[in-house]
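Below, chains carry the letters A, B, ... as their sequence lines are ordered, and counting in each starts from 1.
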Number of protein chains: 2
Amino acid sequence: MEPKQITEIVEKLKQEMRRGITIAAVMQLLSEAQYGYALQKALSDSGIEMGQDTLYPLLRRLEEQELLASEWRVEDPRPRRYYLLTPTGQTVLAELKLELKRIESWIRSVTDETK
Amino acid sequence: MEPKQITEIVEKLKQEMRRGITIAAVMQLLSEAQYGYALQKALSDSGIEMGQDTLYPLLRRLEEQELLASEWRVEDPRPRRYYLLTPTGQTVLAELKLELKRIESWIRSVTDETK
DNA sequence: TATAATACTGTGTAACACACAGTATTGTCA
DNA sequence: TGACAATACTGTGTGTTACACAGTATTATA
């Protein structure tokens with residue numbers, strides 16, 4: 001098998017592994033109100049690259065589920081749409097964090113075993 | 001929002017978070033040859049529940065990508081299909097583990113911050 | 001003997017990340 | 001001043017895959 005194909009496969013698998021944490025990342029960052037573009041930068045700072053075409057539908061989806069609420073703020077230099085966790089969203093995030101701890105310990109058990 | 005709906009949403013989000021690690025789990029367990037049904041039980045022992053209708057297509061997919069190889073073994077009490085990581089699969093698994101460590105440290109940073 | 005456990009195969013569908021495309025406004029620089 | 005970049009958001013289409021649903025066969029058990 002070509003090294004190029006291996007890289008493709010690896011990248012795709014990494015992608016699949018990452019997708020699970022992006023939701024929690026977004027929700028965690030929205031414990032405080034933030035607008036989409038700034039959120040994207042904050043995610044990037046956390047090492048999570050996410051395109052606008054992925055982020056905005058995700059925000060819409062979480063809002064539809066009433067985990068987020070959004071509002072337009074007319075401000076300098078331009079209007080922005082701010083998102084914030086709802087109380088329900090906070091509850092859900094707390095639950096997700098428990099799951100993350102489980103995933104974390106599973107990762108530790110797997111990677112430590114074969115170090 | 002109904003508590004029932006929240007539970008649904010939480011479960012679905014947990015599910016999405018888990019999917020990322022199932023691939024690595026399967027590959028890790030197949031560092032040694034194992035047949036499908038036994039693999040499913042081993043996964044379950046690791047806290048990862050996975051139906052046959054999910055596991056077998058995943059095994060097929062990984063085999064198509066040449067990360068796994070399989071063979072029928074005629075044995076007592078019945079023939080079984082064994083799966084084992086290929087050398088390529090071992091390479092890929094090592095790469096995935098690096099990614100898992102990244103995810104792990106990200107989880108730590110997020111959950112510790114808000115403890 | 002009927003049912004459960006063991007073991008595997010195949011098809012269909014919902015969900016969603018990402019690709020692709022677009023819009024508008026403000027900022028920067030030659 | 002105008003072209004391009006950055007800022008900021010919206011919408012549609014598609015590929016992928018977990019899971020739902022369905023099925024098969026053999027062995028084990030009550």
Side-chain angles (χ1 to χ4, degrees), chain A residues 8-27 29-30 33-45 48-65 67-68 70-83, chain B residues 5 8-27 29-30 33-45 48-65 67-68 70-83 103:
Chain A
E8 263 186 57
I9 288 173
V10 169
E11 283 310 310
K12 189 172 293 184
L13 289 173
K14 281 184 183 176
Q15 206 180 66
E16 275 187 73
M17 293 201 299
R18 278 187 218 122
R19 65 200 289 181
I21 63 171
T22 53
I23 295 165
V26 166
M27 288 174 76
L29 286 171
L30 291 181
Q34 230 173 159
Y35 60 92
Y37 194 80
L39 179 59
Q40 184 187 16
K41 295 184 79 102
L43 284 168
S44 187
D45 289 346
I48 300 176
E49 301 293 338
M50 192 185 239
Q52 302 188 359
D53 39 19
T54 298
L55 178 58
Y56 285 104
L58 174 58
L59 292 175
R60 279 198 293 264
R61 170 182 153 210
L62 293 176
E63 189 170 9
E64 272 162 26
Q65 291 175 332
L67 304 187
L68 300 185
S70 71
E71 65 178 8
W72 282 101
R73 291 188 193 168
V74 181
E75 62 187 36
D76 211 30
R78 58 168 55 188
R80 293 179 172 122
R81 188 159 186 176
Y82 279 76
Y83 299 87
Chain B
Q5 291 181 352
E8 265 186 58
I9 288 173
V10 169
E11 284 309 311
K12 188 172 292 185
L13 290 173
K14 281 184 182 174
Q15 208 179 66
E16 276 187 73
M17 291 201 300
R18 276 186 220 122
R19 67 197 291 179
I21 62 172
T22 54
I23 295 164
V26 166
M27 288 175 74
L29 286 171
L30 292 181
Q34 233 175 154
Y35 60 94
Y37 194 79
L39 180 58
Q40 185 187 14
K41 297 189 77 119
L43 285 168
S44 186
D45 290 346
I48 301 176
E49 301 292 338
M50 191 184 237
Q52 302 187 359
D53 38 20
T54 298
L55 178 58
Y56 285 104
L58 174 58
L59 292 175
R60 279 198 294 266
R61 168 183 153 208
L62 293 176
E63 190 170 8
E64 272 161 27
Q65 291 175 334
L67 304 188
L68 298 186
S70 70
E71 65 179 8
W72 282 100
R73 291 189 193 168
V74 181
E75 62 187 37
D76 211 28
R78 60 169 53 192
R80 292 177 173 126
R81 187 159 187 178
Y82 279 75
Y83 299 87
I103 290 174

At under 4.0 Å, does any side-chain N or O of B/T54 touch on OP1 or OP2 of D/dA18? no
Within the pair A/Y35 and D/dA8, is there a side-chain N or O less than 4.0 Å away from OP1 or OP2? yes
Before accepting this row, confirm whether a basic side-chain N of the pair A/R61/A/E64 lies closer than 4.0 Å to the acidic partner's carboxylate O. no
A/L58 side chain: which of C/dT6, D/dA6, C/dA17 is closest? C/dA17
How long is the line joining [atom1] of [X] and [atom2] of [N], in whole Å?
{"X": "A/L13", "N": "D/dA18", "atom1": "CG", "atom2": "C1'", "answer": "15 Å"}
{"X": "B/Q15", "N": "C/dA14", "atom1": "CD", "atom2": "P", "answer": "15 Å"}
{"X": "B/E11", "N": "C/dA15", "atom1": "CD", "atom2": "C1'", "answer": "17 Å"}
{"X": "A/E49", "N": "C/dA19", "atom1": "CD", "atom2": "P", "answer": "13 Å"}

Reckon A/G51 touches a base, only the sugar-phosphate, or nothing at all at heavy-atom distances under 4.0 Å? nothing
Closest-nucleotide 5' rank along DNA chain C - winner of B/P79 and A/R78: B/P79
Go through it in stages, so that I can follow the logic: the residues are A/L13 and B/L67, the test is side chain to side chain contact (heavy atoms under 4.5 Å, CB included), and I'd like the CA-CA distance, side-chain angles, deciding distance and then a yes or no. CA-CA 12 Å; A/L13 289 173; B/L67 304 188; 4.0 Å; yes
Is a donor on one side and an acceptor on the other found under 3.5 Å between the side chain of A/Q40 and the backbone of A/L55? no
Short heteroatom pairs, N/O only, protein and nucleotides 10-16 of chain D, under 3.5 Å:
residue: D/dT10; atom: OP1; partner: A/R81; partner atom: NH1; Å: 2.5

